[in-house]
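Have a look at the structure that comes next, please.
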Amino acid sequence: MNIDLSGKRALVTGGNSGIGAAIVNALSDAGAKVAINYVSHPEAAEAMTQAIWDKGREAITIEGDISNDNQVEAMFKRMDECWGGIDILINNAGIDGAEAAGWKMKAKDFQEVIHINLLGNYYCARQALRRMTAQKSGVVLSTSSVHEMIAWTGHSAYTASKAAVGMLSKTLAQEAAPYNVRVLSLAPGAIKTPINKNVWDNKKGLDDLLEKIPLGRIGEPEEIARMAVVLVSDVASYVTGRTIYVDGGMTDYPDFAHGG
Ligand code: BGC
């Protein structure tokens with residue numbers, strides 16, 4: 001099976017680091033033109049863009065805070081100006097947020113996570129869907145998390161935001177399906193990126209994490225990126241309104257490998 005995304009115009013939010021960066025490179029390798037959105041570290045986005053041009057493919061960078069609706073609108077206008085629209089949105093930017101028990105968390109910390117992970121996701125999805133439903137084609141793929149399903153002490157805003165992203169995608173999928181537009185989510189488990197470096201970077205944290213993963217290892221960003229390419233391609237032409245878990249079995253409740 002050959003996946004060819006030539007001619008497709010993709011936007012990856014939070015595309016200059018972690019899972020987003022791996023998805024940018026994988027989409028580009030599959031032939032897509034890729035816009036790399038970033039909110040900080042422009043130099044990382046520029047270096048990625050240069051590397052893509054060096055390989056003979058097209059990429060642009062677009063600065064923009066996804067939690068700001070005006071900036072999101074400007075980002076999609078830039079897509080229109082540069083490439084005449086969009087075919088693939090990877091709705092990826094997000095944060096884990098501050099760690100605290102729900103009742104001890106500052107409201108502003110809770111709000112920040114919801115603003116970025118949920119409202120930001122929505123602002124981007126609706127700009128993309130306006131364009132995709134009009135052209136009667138396109139795919140919106142959101143980066144969710146195993147914490148769409150698994151509770152996580154200290155991270156109530158994050159888990160709530162990811163559960164909400166899952167249901168937002170399902171509902172948007174139902175609304176967009178008559179227009180030949182697919183909307184779905186990809187839920188990574190523990191993947192080695194800067195977002196969770198504080199956990200995998202020390203032995204105690206890593207040992208604890210590995211116990212939670214049946215495949216016995218932390219995932220690589222490329223393992224998420226490969227699935228993202230499949231899901232936005234025609235290989236997955238009949239898949240919509242679902243969250244696909246790519247988590248080394250984390251949601252298979254490894255504690256039940258014994259007892260019960
Ligand atoms: C979080 C990571 C965490 C992983 C598994 C992800 O959604 O962003 O920080 O390591 O879930 O718990």
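Counting starts at 1 for both ligands and their atoms, in listed order.
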Protein heavy atom at shortest distance from atom 10 (O) of ligand 1: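 Protein heavy atom at minimum distance: N196 ND2, 3.2 Å.
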Pair N180, S137: side-chain N/O donor-acceptor within cut-off below 3.5 Å: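 Note: N180 and S137 side chains miss the donor-acceptor criterion.
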Nearest-contact summary for atom 4 (C) of ligand 1 - protein heavy atom, Å: G189 O, 3.7 Å
V199 touching ligand 1 at heavy-atom level, < 4.0 angstrom: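 V199: no contact with ligand 1 (<4.0 Å).
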Contacting atoms of ligand 1, where contact means under 4.0 angstrom from a heavy atom of S145: 6 (C), 7 (O), 11 (O)
Region of H147 that comes within reach of ligand 1 [heavy atoms, distance under 4.0 Å]: side chain
Distance-minimising heavy-atom pair for P221 and T193: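 So the minimum-distance heavy-atom pair works out to CG-CG2, 4.1 Å.
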Parallel, tilted or perpendicular, as decided by the 30° and 60° cut-offs, for the rings of W152 and H155: parallel
Closest approach of any protein heavy atom to atom 3 (C) of ligand 1, naming residue and atom: W152 CH2, 3.9 Å
Same apolar cluster: I90 and I244, side chain cutoff 4.5 Å: yes
Heavy-atom gap W200 to ligand 1 smaller than 4.0 Å: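 No, W200 has no heavy atoms under 4.0 Å from ligand 1.
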Side-chain donor/acceptor pairs under 3.5 Å, residues 124-132, sequence neighbours excluded:
residue : atom : partner : partner atom : Å
R126    : NH2  : D69     : OD1          : 3.4
R126    : NH2  : D69     : OD2          : 2.5
Q127    : OE1  : R131    : NH1          : 3.0
R131    : NE   : D80     : OD1          : 3.0
R131    : NE   : D80     : OD2          : 3.2
R131    : NH1  : Q127    : O            : 3.0
R131    : NH2  : D80     : OD2          : 2.8

Test of proximity, Y158 against ligand 1: N or O pairs below 3.5 Å: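 Between Y158 and ligand 1, an N or O pair is found under 3.5 Å apart.
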Identity and distance of the protein heavy atom lying nearest atom 9 (O) of ligand 1: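 The closest heavy atom on the protein side is D96 OD2, 2.6 Å.
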Distance-only donor-acceptor hits, side chain of residues 164-178, under 3.5 Å, sequence neighbours excluded:
residue : atom : partner : partner atom : Å
S169    : OG   : V165    : O            : 3.1
S169    : OG   : S185    : OG           : 2.9
T171    : OG1  : M167    : O            : 3.1

Side-chain donor-acceptor pair present, S161, N117, cut-off under 3.5 Å: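 Looking only at side-chain atoms, N117 and S161 do form a donor-acceptor pair, the distance falling under 3.5 Å.
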